[in-house]
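To keep things clear, I will list the structure first and then write my remarks on it.
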Amino acid sequence: MTTPPTVLTIAGSDSGGGAGLQADLRTFFACGAHGMVAVTAVTVQNTIGVSGFVEIPPDVVADQIEAVAVDIGIQAAKTGMLASADIILAVASACDRVGIGKDGAIPFVVDPVAASMGGDQLLADNALDALRTELFARATLVTPNLDEVRLLTGIDVTDVPTQKRAAEALYAYGPQWVLVKGGHMKNVDDCMDLLYDGDQFYELPGPRFDTGDTHGSGDTLASAITSQLARGVPMPEAVAFGKRFIVRSVRDSYSLGKGHGPVSPFWRLSTDEV
Ligand SMILES: Nc1ncnc2c1ncn2[C@@H]1O[C@H](COP(=O)(O)OP(=O)(O)OP(=O)(O)O)[C@@H](O)[C@H]1O
Ligand SMILES: Cc1ncc(COP(=O)(O)O)c(N)n1
């Protein structure tokens with residue numbers, strides 16, 4: 001069998017299996033990629049919320065990245081929960097050593113996870129600066145949701161013009177591409193994500209499903225995009241694929257436990273095409 005593209009997630013574990021590295025690996029698999037993991041934190045989590053987490057020592061996070069890079073090779077990488085400024089610094093320098101990032105050969109998707117969908121904090125307050133200066137500057141693509149946009153830029157996105165202004169503000173931190181996700185936009189019937197390359201805006205419209213079962217939607221979207229970048233697909237097409245992928249996965253999300261159920265990439269295991 002042909003070796004599939006090899007992709008790395010640098011992310012936290014969700015014991016409930018809905019988000020985090022579990023969602024990333026599930027999506028990589030559904031997209032035909034070989035998934036690898038540098039674990040950053042182990043959360044104690046279910047569908048109701050996150051009751052705690054322990055961080056992996058920063059040098060162990062860096063060692064995981066280097067171990068897979070020197071042996072297996074990485075064709076694209078993404079980040080999820082990074083927990084602390086020290087882990088961010090360790091990830092940034094490991095990325096430089098192995099060539100991950102816009103100045104290296106390996107596409108790098110930075111999903112600036114700050115909190116769970118239930119509002120539990122997953123990133124230390126003092127880590128926002130490191131996220132902006134160390135990771136955004138190295139990123140091929142950053143994929144903030146509207147709460148993360150507010151934390152990172154102070155901009156309250158309420159419509160398409162403010163979504164565009166936020167994309168411009170985030171682009172100033174140095175990523176090659178910015179995707180401002182519209183899942184948290186209030187009082188709208190659709191979910192429009194906006195891609196920006198410093199010059200052109202690309203609108204990615206999509207339906208809004210009336211469901212609370214969207215746990216892991218951000219991770220799933222970023223992982224689907226990463227799996228395409230690993231194949232050398234150009235960014236606008238990779239993001240368009242990711243959007244089609246997440247629309248199907250939210251449509252097929254399922255209820256689990258007493259809280260928010262996960263989005264599901266299982267539809268991709270049937271013979272249906274996106
Ligand atoms: N109810 C919904 N119906 C359809 N698409 C949705 C819905 N909610 C989110 N999405 C899509 O899912 C993706 C993730 O969006 P969102 O803005 O919710 O990011 P996120 O907050 O990082 O996700 P999460 O925290 O739930 O993992 C986007 O493409 C968004 O448009
Ligand atoms: C380990 C981990 N990583 C990421 C998320 C964000 O996902 P969501 O916003 O759907 O809760 C999470 N809850 N847990």
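Both counts, for ligands and for their atoms, begin at 1 and track the order of listing. Keep in mind the model is a prediction, meaning the values are calculated, not measured.
In this structure, the separation between CD on E237 and CD1 on I225 is 12.5 Å, given to the nearest 0.5 Å.
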Run the side-chain donor-acceptor check on residues 176-191: report pairs under 3.5 Å with partners two or more places apart or on a different chain.
unit_1: K181; atom_1: NZ; unit_2: T143; atom_2: O; d: 3.1
unit_1: H184; atom_1: ND1; unit_2: D147; atom_2: OD2; d: 2.8

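At least one side-chain heavy atom of I100 sits less than 4.5 Å from a side-chain heavy atom of I65. Side-chain contact between F28 and P4 is absent, with no heavy atoms from C-beta onward closer than 4.5 Å.
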Which protein N or O atoms sit under 3.5 Å from any N or O of ligand 2? Give atom names and distances.
unit_1: ligand 2; atom_1: 9 (O); unit_2: M117; atom_2: N; d: 3.1
unit_1: ligand 2; atom_1: 10 (O); unit_2: H215; atom_2: ND1; d: 3.1
unit_1: ligand 2; atom_1: 10 (O); unit_2: G216; atom_2: N; d: 2.8
unit_1: ligand 2; atom_1: 11 (O); unit_2: M117; atom_2: N; d: 2.9
unit_1: ligand 2; atom_1: 11 (O); unit_2: H215; atom_2: ND1; d: 3.2
unit_1: ligand 2; atom_1: 13 (N); unit_2: Q45; atom_2: OE1; d: 2.8
unit_1: ligand 2; atom_1: 14 (N); unit_2: Q45; atom_2: NE2; d: 3.2

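Here side-chain hydrogen bond (donor to acceptor under 3.5 Å, both in side chains) pairs that include residues 256-266, with residues two or more places apart or in two chains, number zero.
A salt bridge links E134 to R138: at least one charged side-chain nitrogen sits closer than 4.0 Å to a carboxylate oxygen.
Enumerated by chain and number, the residues approaching ligand 1 to less than 4.0 Å through a heavy atom are N145, K181, G183, H184, C191, D193, P207, R208, F209, T214, G216, S217, G218, D219, L221, K243, I246, V250.
Between the side chain of T9 and the backbone N or O of V37 there is no donor-acceptor pair closer than 3.5 Å. Not a single donor-acceptor pair under 3.5 Å links the side chain of Q228 to the backbone N or O of V233. The backbone N or O of T6 lies less than 3.5 Å from a partner atom in the side chain of Q75, making a donor-acceptor pair.
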